[in-house]
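These notes are about the structure you will find just below.
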Amino acid sequence: MSHIFTSLDIGSSQIKAVVAERRKDGMLSVLSVFKHPSLGFRKGVLVDIEEATHFLRDVILDLRSVSKQAIQNIWVNVNSEFVKARPSRAVVAVSRADRGIGEDDVERVLQASQAIKSLPNYQVLHNVTREYFVDDVGDIQDPVGMTGNRLEVSTLIIEVFSPKLA
């Protein structure tokens, strides 16, 4: 069985990503390499959240184009004491009587995953969805249209220091 993982190096000037696969023989095979400008940061401090969010969204879209698994196992290196990444989980009850999961349920569970206590002067830059669970069954990338009683999400919350909040 193969195992895909991603390494992200987020710096003040650029972000680099490597997607690799561990083959059956134990060797690593590089599937893709990306390099993007790291916009919105200066010396490890968030100075423009819109630019930073835009560049992170582009990186996640590039990773998803390689493999859906590429965003499930991410190793992040941030060369700054001002960026924090931490896992989060949230659960919501499916709101429809027919137990059909809709976009509104997905939005509610993502919002709930961001309901974490932030450090002073930090704000959420990005919420990377790792996987969804429907009634305790995981490894789901898009639960819309499925049926269940309970929707859960596993995310990676990326927070950054913002002097504008101080």
Fill in: Ionic contact status for D98 with R96, cut-off 4.0 Å
no
Worksheet, complete the sentence: In short, G100 meets V94 closest at the heavy-atom pair O-CG1, 3.6 Å
Worksheet item: Any side-chain heavy atom of K16 sitting closer than 4.5 Å to one from F34?
Response: no
Worksheet item: Of the non-hydrogen atoms in T155 and L110, which two are nearest, and what is the gap between them?
Response: CG2-CD2, 4.2 Å
Practice prompt. Return the minimal non-hydrogen interatomic distance between V106 and I101, and the atom names on each side.
Written response: CG2-CG2, 4.4 Å
Discussion item. So S113 and N127, do their side chains get closer than 4.5 Å, heavy atoms only?
Written reply: yes
Discussion item. Could you check whether any side-chain heavy atom of I71 comes within less than 4.5 Å of a side-chain heavy atom of T129, counting everything from C-beta outward?
Written reply: no
Response to the item:
Heavy-atom nearest pair, F133 first then R89, reads CE1-NH2, 3.1 Å
Discussion item. Has S67 got a side-chain atom pairing as donor or acceptor with Q69's backbone, closer than 3.5 angstrom?
Written reply: yes
Worksheet item: Any side-chain heavy atom of R86 within less than 4.5 Å of one from L156?
Response: no
Worksheet item: Below 4.5 Å, heavy atoms only, C-beta onward: do I15 and L8 meet side chain to side chain?
Response: yes
Practice prompt. With the side chain counted from C-beta on, respond yes when H126 and V128 share a heavy-atom pair under 4.5 Å apart, and no when they do not.
Written response: yes
Which pairs of donor and acceptor atoms, one on a side chain in residues 141-150, lie under 3.5 Å apart (sequence neighbours left out)?
unit_1	atom_1	unit_2	atom_2	d
D142	OD1	V144	N	3.3
R150	NH2	D136	OD1	3.4
R150	NH2	E152	OE1	3.1

Discussion item. Could you tell me if the side chain of V18 sits less than 4.5 Å from the side chain of T6, heavy atoms only?
Written reply: no
Item to complete: Could you check if a side-chain atom of S95 sits within less than 4.5 angstrom of a side-chain atom of R108, using non-hydrogen atoms only?
Response: yes
Discussion item. Side chain to side chain contact (heavy atoms under 4.5 Å, CB included), that's the test. Do V30 and V19 meet it? Break it down for me.
Written reply: CA-CA 6 Å; V30 174; V19 180; over 6 Å; no
